[in-house]
Engineer: 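Right, I'll just put the structure down here and ask away after.
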Amino acid sequence: MRDVHERDLRGAGAASGAGAPVSSGLARDSARRNVDELRGSLSTSSDGLTGEQVPKMRERYGRNELAARASDSLVRCLWRAFVNPFSVTLFVLALVSIATDVVFAPDVAKSASTAFIILVMVATSGVIRLVLELRAKGASDQLDRMIRDRVIVRRDGREREVSVGDLVVGDVVLLHAGERIPADLRLIQTRDLFVSQAAITGESAIVEKRGDTLDAAVGGPITQLDNLALMATTVISGSGEGIVVAVGRDTVYGGVSDSVSGDGPDDSFRRGASSIAWVMLRFMAVLIPVVFAILGLTGADLLDAFAFSLSVAVGLMPEMLPMVISACLAKGSLAMFRKRAIVRNIDAMQGFGSMDTLCFDKTGTLTSENILLEYYTDVLGNESAETLDLAYLNSSYHSGVRNPIDNAVLACSTMPGREAHFAALARDARKVDEIPFDYPRTLVSTLVDVPGAGRMLIAKGDVRQVVARCTHVAWRGETYEMGEGDAGGASAIVDEMLADGMKVIAVARRRMDGECITPDDERGLTLVGYLAFFDAPKPSAATSIDKLARLGVTPKLLTGDRLSIALSVCRRVGIDDDATLCGGEIDALDEVHLAHAVERTSVFAELTPAQKARIVARLRANGHSVGFLGDGINDIPALAEASVGISVDTAVDATKDAADVVLLEKDLDVLEQGVLEGRKTFANMLKYIKVTASSNFGNILSIVLAAAFLPFLPMTSVQLLLLNLLYDVLCIVLPWDRVDVEETRAPRDWSGRTLGCFMVTFGPVSSLFDIVTFLVLFFAVCPALCGGTPYAQISDPALQTRFVSLFQTGWFLESLWTQLMVLHCLRTSKLPLVQSRPSMPVMVVTVTGVVALTALTFSGAGAVFGLTPLSVGYLGFLVAVCVLYFVLVTLAKGLYQLRWRELI
C-alpha cells in the first residue's frame with residue numbers, strides 16, 4: 001500500500017498542471033482520501049507509527065528538511081559575497097586580461113600580473129564580506145536556536161515531543177494554538193481549528209480547517225482545501241490532529257521555496273546598488289574605447305594599448321565596494337545588537353537608514369505590554385463579580401493565543417481573598433465548545449458548564465459587536481429586555497471610561513442546551529457588564545516619538561483598538577490626531593483615494609490584519625520606505641509588506657521568522673537608535689562610493705590627457721591596479737568613521753542619482769593637479785635626476801627606463817597623497833579636521849598608509865612594481881600640491897552643495 005500511495009501521489013503531482021510543484025499533487029490527493037484509506041496506504045494507525053517504522057518511512061520519503069534552505073545561509077552568503085555587479089565586472093576584466101596578456105601574448109611579453117591583481121581584489125572583497133556577514137549572523141543564529149523546533153506526535157500509542165526535523169510521512173501530529181505547522185498534514189480531527197496561511201499566500205485571512213474527507217470533484221487552490229494544514233502556516237486558535245503526508249521539499253511550502261530566487265524579490269537596496277553599478281559601467285563604456293583610440297593614434301602597440309585600457313576600466317571601479325558595504329552593514333548590525341536589537345538580515349541596516357515612515361501598534365509600543373484590569377462592572381458601572389467570573393471562564397477556556405487582555409483577566413485569580421473562589425471555579429466548570437476569536441466578529445465565545453448556573457455561552461469582545469448581539473441586560477440578579485434607547489445608555493457608560501484612556505470590552509451570556517455552538521448562536525445574548533483595562537503610555541513614549549519626528553520619520557499608529565482609545569493615547573504622546581481613519585472607512589476607499597488618505601493620516605484604528613497590510617503596501621507604493629513593528633501572528637502580512645519588518649523577542653515564532661530585525665526590548669527608543677545607526681552606515685557607504693569614484697575618475701581623465709602627449713605610459717597597468725588596491729584597502733576603515741549629526745537628520749537615498757555629477761565635479765579638480773605634476777616631473781624632476789637631460793635627448797635605453805620609472809613613481813605618489821587628502825576633505829560637508837574630525841582609526845590608518853606606501857618607493861620591494869626612489873625635494877612639492885588641492889576642493893565643495901543641497 002505504501003508503494004501505491006507514493007506512486008499515486010507523484011502521479012497526481014505530475015498531472016496537477018504545467019509548472020505546478022509535485023508537492024501540490026501529494027497533498028491534494030490525500031485530501032480526497034478517507035482517513036482509513038490514508039492510514040492504510042501509510043501503514044499507520046490512530047496510535048501513530050511504531051518505532052521500527054520511523055526510520056523506514058524516513059528512508060522512503062526523506063527527511064523533514066528543506067535541503068535547499070538548510071544550506072541556504074552559507075550558499076546565499078557566498079552568492080552575495082562574490083556575485084554582484086562590481087565583482088562580476090572585475091572577473092570579466094580578469095578573463096579578458098588573461099586572454100590578452102597570457103594566451104595571445106608573445107612568450108617574452110606574457111604576464112599574468114594584471115589578472116592576478118584583479119582576482120586578488122575580487123577574492124579579498126568576497127572573503128572579507130563573507131567573514132563579516134557570517135560574524136554578523138551569529139547573534140541572529142542564537143535567536144534562531146531559541147525558536148521552537150519541537151512538535152508533539154503520537155507514536156506507539158503514546159504522545160511525545162520530537163524535533164520537527166525528525167518528523168516522517170505517516171506521523172500523527174497534535175496541533176495547538178500558536179504553533180507553526182511542521183509539515184503538510186491531512187487533518188483527521190479538529191476542534192475550532194483556525195489557521196493563518198500568510199506564510200504561503202501572503203494574505204491575512206484566517207481560515208477554519210476541518211477533518212472531513214473532500215469530494216473528488218472539489219477543486220480550487222490547494223490553500224482552500226479545508227482538511228489540509230500546510231507547512232509553515234500557523235495555528236491561530238483551536239486544536240487538531242493530522243497525518244503527515246509530505247515532508248521537506250515535497251511540501252507545498254518546499255515547492256514554493258524552490259521556485260523562489262535565492263535573493264528574493266528586488267528591493268530598494270538592490271535597485272540602489274544596480275543604479276550605482278550602471279553609472280560606473282556607462283563611464284567605463286566611454287573611457288575604454290577613448291583611451292584605446294588615443295594610445296593607438298600615438299603609435300602604441302595595440303595589445304599594450306588594450307591592456308592599459310583594461311586597467312583604466314578596472315581603475316575606475318571602486319573595487320572594494322562590496323566589502324566596504326558589507327563592513328558598514330555588519331558594523332551597524334553589531335552596534336544594534338549592543339543596543340538590544342538583533343539584525344537577522346544585515347541588508348536591513350540600509351532599510352533603517354532610508355526609513356521615513358514607521359507603522360506600529362499601540363499596545364506594548366506606546367503603552368505597557370502588561371495592561372491591568374481596573375474595573376469589572378455591571379451595565380450601570382457598578383462593581384460586578386458575575387462579570388469577572390464569566391470573563392475568567394471565557395479567558396480560561398478559549399483555545400486561541402493568549403493576549404494581554406486574557407492575561408490581565410486571568411491574573412485576577414491571585415486577588416487576595418479570592419484565590420479559592422477562582423480555583424474552585426476552574427476546577428468545577430467544564431468547557432463544551434467554543435467559537436474562536438476572529439477579526440470580522442472581534443469577539444470570542446465559549447460554551448461552558450458553569451457550576452450552579454448550567455450550560456452557558458459566554459461572549460467577550462468589542463463593546464459594539466457584543467451589544468449589537470444582545471436583546472437583554474442583566475442587573476442585580478434580574479434580566480430585563482433591552483429597549484431601543486438602552487444601547488445608547490450603554491454607550492454613554494463606556495464612553496466615560498474610554499475618555500479616561502481605558503480599553504473596554506463587554507461580557508454577555510446566553511443559556512444553551514446543545515453540545516456545540518455556531519456564530520448564529522451569538523444572538524439574543526444578555527449583556528452582563530464591562531471590563532475596563534488601564535493601558536497607560538510608557539514614560540519614554542512621548543520622547544521617543546519626538547526623536548523620531550526630528551529624524552524625519554513619520555510615526556503612524558495602526559491598531560485594532562477603538563478609535564477613542566487610540567486618540568486618547570496619541571494625545572498623551574504627541575502623535576498628530578487631526579486626521580484619522582477606521583477600518584470600515586478604509587474598505588470603502590479605492591486605491592487612488594487611499595493613496596491620498598494614508599499620506600495625511602497618522603492614526604488608523606479598528607483595523608483587521610488585511611487592512612494593516614494594505615496601508616503598509618500603499619505607503620510603499622507612494623514611494624516611502626516603511627518600517628512596521630509587530631509581534632502578533634496577524635502582523636505577518638504587514639511585516640512582509642514593509643521595507644523593514646521589525647518584531648520583538650517575546651513575539652510568536654512565526655512573527656520573528658518573518659521579521660528582518662528582532663528587538664530585545666519593545667521600545668521606540670531602540671528603533672530611534674536603529675535609525676541613527678542605519679543612517680551612519682548609509683553615510684559611510686556613500687563616502688566610499690562617491691569619493692573613490694570621483695578620485696578614480698580624475699586619475700583616469702589624467703591618464704587620457706597624458707597618454708595623448710607623453711611618449712610613454714604615465715603609469716603601468718600593474719602600478720595603476722596596485723594604487724587602487726592599496727587605496728581601497730586603506731578605505732576598509734571607513735565603516736568606523738564618525739558621521740556628522742547633520743548627515744543623520746533625514747532619510748538617505750541609496751542610488752546613483754547624483755554620483756555622476758559628483759564624479760564630474762571633483763574628478764577634474766584632481767586632474768588639474770595631476771597635469772601640473774606631469775609638467776613638473778617631465779620638465780624638472782626627472783631630467784634633474786637623469787643628469788639634467790630632457791627625455792627627448794636621452795639615447796641610452798637604460799637611462800630612458802630610469803626616466804620613465806621616476807615619472808611613474810612621481811605620479812604614483814601624487815595620486816596616493818591626493819586621494820587620501822580628498823578622502824578627508826570630502827568625508828564631511830564641514831571644514832575637515834577643524835569642524836569635523838575623523839575617527840581615530842581613520843586618522844591613524846590613512847596617515848600610516850601614506851607613510852608606509854611612500855617608504856615603499858624607497859625600498860627594494862618597490863622595484864617589483866617598477867617604483868624607484870625620488871628626491872626629498874619632490875616630497876616637499878607634494879606637500880604644496882596637497883595644500884592647494886585642499887583649498888580648491890573646499891571651494892568646489894561649497895559650490896556643489898549650493899547646487900545639490902547635499903554633499904554625501
Engineer: Using a 3.5 Å distance criterion without hydrogens, assess whether the side chain of D433 forms a donor-acceptor pair with backbone atoms of I517.
Structural biologist: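 Pair found, side chain donor or acceptor close to backbone of I517.
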Engineer: Rounded to the nearest 0.5 Å, what separation is found between the CD1 atom of I405 and the OG atom of S395?
Structural biologist: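 Between I405 CD1 and S395 OG, I get 8.5 Å after rounding to 0.5 Å.
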Engineer: Charged N to carboxylate O below 4.0 Å: is that the case for R550 and E672?
Structural biologist: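 The answer is no: the pair does not qualify as a salt bridge.
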Engineer: Side chain to side chain donor-acceptor pair (under 3.5 Å) between S445 and E522: does it pass, once the steps are laid out?
Structural biologist: CA-CA 8 Å; S445 296; E522 295 175 324; 2.5 Å; yes
Engineer: Any donor-acceptor pair under 3.5 Å linking the side chain of E585 with the backbone of C582?
Structural biologist: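 It does hold such a pair.
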Engineer: Find the distance between OG1 (T543) and CG (L548) and round it off to the nearest 0.5 Å.
Structural biologist: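 If we round to the nearest 0.5 Å, T543:OG1 and L548:CG are 11.0 Å apart.
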Engineer: Do Y392 side-chain atoms and A426 backbone N/O form a donor-acceptor pair below 3.5 Å?
Structural biologist: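 Looks like no, no N/O pair under 3.5 Å.
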Engineer: Between S384 and D378, which heavy-atom pair has the shortest distance, and what is it?
Structural biologist: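 Heavy-atom minimum between the residues: CB-N, 3.5 Å.
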Engineer: Where do M415 and Y376 come nearest, in terms of heavy atoms and distance?
Structural biologist: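 Heavy-atom minimum between the residues: CE-OH, 3.5 Å.
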Engineer: Under the 3.5 angstrom rule, does the side chain of D462 hit a backbone N or O of R464 as a donor-acceptor pair?
Structural biologist: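 Answer holds: yes.
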Engineer: What are the two closest heavy atoms between A429 and L393, and how far apart are they?
Structural biologist: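 Scanning both residues, the minimum pair turns out to be CB-CD2, 3.6 Å.
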Engineer: Minimum heavy-atom separation for A638 and V616, please, with both atom names.
Structural biologist: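 Looking at all heavy atoms of both residues, the closest pair is O-CG1, 4.0 Å.
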Engineer: Mind checking the OG-CG spacing from S396 to L425? Nearest 0.5 Å is all I need.
Structural biologist: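 Atom-to-atom, S396:OG and L425:CG are 7.5 Å apart.
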Engineer: Tell me whether D389 is salt-bridged to R509, with the criterion being a basic N under 4.0 Å from an acidic carboxylate O.
Structural biologist: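 Answer for the salt bridge query: no.
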Engineer: For residues Y375 and Y530, establish whether the separation of their ring centroids is below 6.0 Å.
Structural biologist: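 Centroid separation for Y375 and Y530: 6.0 Å or greater.
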Engineer: What distance separates M456 CE from R510 CZ, expressed to the nearest 0.5 Å?
Structural biologist: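 Answer for the CE-CZ pair, M456 versus R510, is 12.0 Å.
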Engineer: Using modelled atom types only, decide if a donor and an acceptor are shared between the side chain of D660 and the backbone of G645 within a distance under 3.5 Å.
Structural biologist: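 Confirmed, D660 side chain pairs with G645 backbone.
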Engineer: Determine yes or no for a side-chain-to-main-chain donor-acceptor pair under 3.5 angstrom, with T377 supplying the side chain and E383 the backbone.
Structural biologist: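 Not confirmed, T377 side chain does not pair with E383 backbone.
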Engineer: At their closest point, which heavy atom of G678 faces which heavy atom of F352, and how far apart are they?
Structural biologist: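 Here G678 and F352 meet closest at CA-CB, 4.0 Å.
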Engineer: Check the pair L557, C570 against side-chain contact (heavy atoms from CB on, under 4.5 Å), reporting the backbone distance first and the verdict last.
Structural biologist: CA-CA 8 Å; L557 179 65; C570 287; 3.4 Å; yes
Engineer: Between the side chains of D577 and R571, is the shortest nitrogen-to-carboxylate-oxygen separation below 4.0 Å, so that they form an ion pair?
Structural biologist: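 Salt bridge flag = yes for D577 with R571.
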Engineer: Looking only at non-hydrogen atoms, find the nearest pair between V661 and A341 and report the distance.
Structural biologist: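 Heavy-atom minimum between the residues: CG1-CB, 4.4 Å.
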Engineer: Could you tell me whether a side-chain N or O of E606 sits under 3.5 Å from a main-chain N or O of G584, the two making a donor and an acceptor?
Structural biologist: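 Absent.
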Engineer: Is it true that D226 and K209 have a side-chain N and a carboxylate O under 4.0 angstrom from each other?
Structural biologist: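 No, D226 and K209 are not salt-bridged.
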Engineer: With distance as the sole test, does R745 use its side chain to make a donor-acceptor pair with the main-chain N or O of G552 at under 3.5 Å?
Structural biologist: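 Looks like no, no N/O pair under 3.5 Å.
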Engineer: Are any side-chain N or O atoms of R469 and backbone N or O atoms of Q465, one a donor and one an acceptor, separated by less than 3.5 Å?
Structural biologist: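 It does hold such a pair.
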Engineer: Charged N to carboxylate O below 4.0 Å: is that the case for R618 and E591?
Structural biologist: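 Answer for the salt bridge query: yes.
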Engineer: Distance-only, no hydrogens or angles: does the T601 side chain make a donor-acceptor pair with backbone N or O of A579 under 3.5 Å?
Structural biologist: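 Pair absent, no side-chain N/O of T601 close to backbone of A579.
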Engineer: Yes or no on salt bridge (charged side-chain N to carboxylate O under 4.0 Å, His left out) for K556 and D576, after CA distance, side-chain angles and deciding distance?
Structural biologist: CA-CA 9 Å; K556 292 186 182 290; D576 180 19; over 6 Å; no
Engineer: Atom CG of L619 and atom OG1 of T357: how far apart are they, to the nearest 0.5 Å?
Structural biologist: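 The distance works out to 5.5 Å.
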Engineer: Strictly below 4.0 Å, N to O, side chains only: are E208 and R210 in salt-bridge contact?
Structural biologist: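 Answer for the salt bridge query: yes.
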